[in-house]
Amino acid sequence: MCGIVGYLGSQSAAQILIKGLHQLEYRGYDSAGIVLNTGQGKGFNLFKAKGKVANLEAAIPDEVMYQDHVTVSGIGHTRWATHGEPSVANAHPHVSMSGDVVLVHNGIIENYKELKDQLMDRGYTFQSQTDTEVLCNLIDLYYQQHGHDLRMAVMQALNKAIGAYAIVVMEQQDHAHVICARKASPLVIGIGEGNEEFFIGSDATPIVSYTHKVIYLDDEQVADVRLNHEVEILNLDQTLAQVDVKEVDLDISALTKGGFPHFMIKEIFDQPNCIENCMRGRLVHLEDGSYDVKLSALQNFKAKLIRARHVIIVACGTSWHAGLIGKQLIEEMCRIRVEVEYASEFRYRNPVIEKDDVVIAISQSGETADTLAAIQLAKEQGALVFGIVNGVGSSIARAADTGIYIHVGPEIGVASTKAFTGQVTVLTLLALALGRALGTLSEEKFQRTCHELMQIPAKMGEVLKQNEAICQLSAHFTYARNFLYLGRGYNYPVALEGALKLKEISYIHAEGYPAAEMKHGPIALVDEEMPIVFLATHHELYHKIISNMQEVQSRKGRILAIVTQGDEEISHIAQEVIEVPETLQALEPLLSVLPMQLLAYHVAVMKGLNVDMPRNLAKSVTVE
Ligand code: G6P
């Protein structure tokens, strides 16, 4: 999804902006641009390109790229098309018709058509199909009316705009000044030493290599950023807001590939480590050999969580699949009724939310627009909102009443991997702690589950050792046009996640189903061309899964089975078998999802596809 970077200071601005745009590439985009203002009466220096940031970089002449020691303001943007096709004309930044104002924008201005008509009546013309250019010219209109007061013009325009935005606006007449604003789309301002430099980002990624002092703008806030001055923050009604400067500590080395050919495979291999980090200080092995689960988020809201009669999990994509596993964990260990909702459906459905309900919002990025809106709805109706988020300081983390970070580090590959296992781990810890507090989980089962959970990172390592074998067997499947993934119980959401991974990055159509549902439709698709992945680990439904497998075998389907180490029965039925170590049924997804991720990865690589940035997808979906 779109990315924003901005700079104010006297270092080589073009280089800083381009580096920042590269760091934001993981969000997914289809065009990019930067604009610079050196204030030498030369107007804005604007560069845009379709496609990759590298194309933009190639379009910038050396004298601009390496211009140093000149006070300059600059903004850059990676665009993911919403209004109008990916093109140079539609790429940001957008300059107003007068040439006085320029801006970049993340989000969507919903009433842009109406505003555009009004502006056209006043003689404004447009170069692009975007809602952003409309906002730019609206600001320009007020800018001309208010004697070139940019701050006032931005506030007046935003009071007219309906929708979501993070914007950074510059004016030609003052090259040491920018205005930023946000509503439902994040924006961060980094403060350099002595206010001599400022760095702006749609997240902290392009900022942290320069400064750790940041301001996260809140909704409907406008920041007036002027070189050598303290940042001023205003609300849209023009009242002054408090400026809250925070310290962020994001490890930028975690954003590099660490010797792997793609971020996705690095992130798959990161998982044993990530899960250890996720459990650190939370799953505690006591001196007497027993285990405890310590979650401060739960401590602070214990009474409310224990009182909950009903839990609603809201999420999108992979996080929604983690939610389906969370439902089984919480229902099994806590005996509380749990519903799992697509955030996009929940927010528009007038759902029944009671005061004592708990809404768990799961999100890797912490910025997904639909999940954020679902939280707001839940809060309005008095529910406690518990966030399970990776993005530290993200909008969802800040909007939730309480919650737990999954602490798996930045996830760059668009197809989510380590965030999924991190989310499932946190949900397991939550169910364990809550079940124990409620008395719905026996001490024996609590201890056994904790003990097994502690072994998961090492067992993940064992699964990952089969990477080479999975790579080889993946070669048999690149021909496929359709795939079926089947699982039962805790492995049913893993089947959904396996199918999602494959379609996201290999563009092969894939569907996940509960294995027993196969005979109610999908079995009609089975023939010798159709690969079917069975999640057939050793648990109480094992023999039923074998029957499902035989139904496929007799129709000549090509079976790839994920089985428990040492399984002898299934190797006679399935053409390909991948083993995972034995664990408790409730923890199986943490192991069985790894072959799903590796299979999708290798098939996509063999098909020569861009696994880290698949077509049409965005890492962080900040529009609904
Ligand atoms: C996008 C990503 C998915 C992700 C989903 C939800 O579609 O490509 O990988 O699962 O958004 O994102 P979230 O950040 O809320 O988990």
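For the numbers below, each heavy atom of this structure counts, side chains included, while hydrogens, waters and symmetry mates do not. Atoms within each ligand, like the ligands themselves, are counted from 1 in listed order.
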Open item on the list: If the test is side-chain contact (heavy atoms from CB on, under 4.5 Å), which one of V314, L377, I396, D219 qualifies with L372?
Closed with: I396

Task: Proximity flag V414 to ligand 1, non-hydrogen atoms under 4.0 Å - done: yes

Open item on the list: Considering non-hydrogen atoms of the protein only, which is the closest contact for atom 2 (C) of ligand 1, and what is the distance?
Closed with: A618 O, 3.5 Å

Task: Distance-only polar pair, side chains of Q423 and H321, donor-acceptor under 3.5 Å - done: no

Task: Distance-only side-chain donor-acceptor flag, S394 / E367, under 3.5 Å - done: no

TODO: Check whether NZ of the Lys or CZ of the Arg R182 lies under 6.0 Å from the centre of the six-membered ring of Y165 and within 45 degrees of that ring's axis.
DONE: no

Task: G391 near ligand 1 by a heavy-atom separation under 4.0 Å - done: no

Task: For atom 3 (C) of ligand 1, the option (of Q423, E411, E504, K501) bearing the nearest heavy atom - done: E504

Open item on the list: I'd like the name of whichever of A315, C316, G366, A322 reaches closest to atom 5 (C) of ligand 1 through any heavy atom.
Closed with: C316

Task: Ligand-side contact atoms (ligand 1) for residue partner Q364, heavy atom cut-off under 4.0 Å - done: 13 (P), 14 (O), 15 (O), 16 (O)

- [ ] With heavy atoms of S363 as the reference, note each atom of ligand 1 found under 4.0 Å away.
- [x] 13 (P), 14 (O), 15 (O), 16 (O)

Open item on the list: Is it true that H602 and S474 share a donor-acceptor pair across their side chains at a distance under 3.5 Å?
Closed with: no

Task: Within-4.5 Å side-chain heavy-atom neighbours: I578 and L473 - done: yes

Open item on the list: Within the 3.5 Å criterion, strictly below it, is a donor on N300 or T402 matched to an acceptor on the partner's side chain?
Closed with: no

Open item on the list: Against ligand 1, does A415 come closer than 4.0 Å with any heavy atom?
Closed with: no

Task: For S416, atoms of ligand 1 separated by under 4.0 Å from a heavy atom - done: 9 (O)

Open item on the list: Which residue and atom name correspond to the protein heavy atom nearest atom 11 (O) of ligand 1, and how close is it?
Closed with: V621 CG2, 4.1 Å

- [ ] Would you mind listing which atoms of ligand 1 come within a distance below 4.0 Å of any non-hydrogen atom of S319?
- [x] 10 (O), 13 (P), 16 (O)

TODO: For atom 12 (O) of ligand 1, grab the closest protein heavy atom and report residue, atom and distance to one decimal in Å.
DONE: T368 OG1, 3.3 Å

Task: Top protein contact for atom 10 (O) of ligand 1, by heavy-atom distance - done: T318 N, 2.9 Å

- [ ] Would you check if there is a donor-acceptor pair between the side chains of K501 and T318 at a distance under 3.5 Å?
- [x] yes

Task: Pair N491-I562, side chain to side chain contact (heavy atoms under 4.5 Å, CB included): steps then yes or no - done: CA-CA 10 Å; N491 271 329; I562 314 302; over 6 Å; no

Open item on the list: Taking 4.0 angstrom as the limit and counting only heavy atoms of G317, give me the atoms of ligand 1 inside it, by number and element.
Closed with: 10 (O)

Task: Nitrogen or oxygen atoms of K619 and ligand 1 under 3.5 Å apart - done: no

Task: Heavy-atom closest contact (G76 atom, I34 atom, distance) - done: CA-CG2, 3.8 Å

